[in-house]
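Values below: all heavy atoms of this structure, side chains included; hydrogens, waters and symmetry mates excluded.
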Amino acid sequence: MDQNGKDQVIRKVREMVEAPTCCAEAKAAGQNWLNALGTEKEAEETRNLIEELKMDIMSAEGLLAFAESAAGAKVFGGEKAKEVAAHAKEIIAAGGKYCDCPACNAVAAILEKKDELL
């Protein structure tokens, strides 16, 4: 990967880590990767980051299922859960594959570059 591509990934990892919708595990993996850049641990942390992000990205169908669940209602609140479910249906209808929150958008962009990173 050229430096320009790597810089783009670095920006996306920073966006993900700073996103309020980023889970603790992805946030930690992202920060560990950023801390390892340019060190002997970079390759290992790159693999760890990619594996963690593959587990953490939320599919549009998963977002819909969560928003329509009791757990989703508890997290979002009743009305907001309905709005999130409606939005998830819009994503699916438009052919979207993933949740479009800031964290998932960043993760999707990072995962697009995973073969170049590894």
Value rounded to 0.5 Å, distance of [atom1] in [X] from [atom2] in [Y]:
X	Y	atom1	atom2	value
Glu61	Ile91	CD	CD1	10.0 Å
Ile57	Cys101	CD1	SG	8.5 Å
Met58	Leu63	CE	CG	6.0 Å
Ser59	Ile92	OG	CD1	7.5 Å
Leu53	Glu51	CG	CD	9.5 Å
Met16	Cys23	CE	SG	8.0 Å

In this structure, would Leu118 and Val13 fall into the same cluster of hydrophobic residues linked by side-chain contacts under 4.5 Å?
yes

Taking the side chain as every heavy atom from C-beta outward, state whether [X] and [Y] have any pair of such atoms under 4.5 Å apart.
X	Y	result
Lys54	Lys114	yes
His87	Asp100	yes
Val9	Met1	yes
Val107	Asp56	no

So which heavy atom on [X] is nearest to which on [Y], and how close?
X	Y	answer
Ala60	Gly96	CB-O, 4.0 Å
Ile50	Leu111	O-CD2, 4.1 Å
Ala67	Val84	CB-CG1, 3.7 Å
Ala103	Ala19	N-CB, 3.7 Å

Salt-bridge test for Lys6 and Glu42: reply yes if a basic N is under 4.0 Å from a carboxylate O, no otherwise.
yes

Please step through side chain to side chain contact (heavy atoms under 4.5 Å, CB included) for the pair Ile10 and Arg14, ending with a clear verdict.
CA-CA 6 Å; Ile10 291 168; Arg14 286 185 177 139; 3.5 Å; yes

More than 12 heavy atoms of other residues, nucleotides or ligands under 6.0 Å from NZ of Lys27: yes or no?
yes

Using ring pair (Phe, Tyr, Trp, His ring centres under 6.0 Å) as the criterion, list what pairs up with Phe66, not counting sequence neighbours.
Phe76

Asn105 vs Glu15, side chain to side chain contact (heavy atoms under 4.5 Å, CB included): CA-CA, chis, key distance, verdict:
CA-CA 9 Å; Asn105 275 336; Glu15 284 177 29; over 6 Å; no

Is it true that a side-chain atom of Thr46 and a backbone atom of Leu117 form a donor plus acceptor pair closer than 3.5 Å?
no

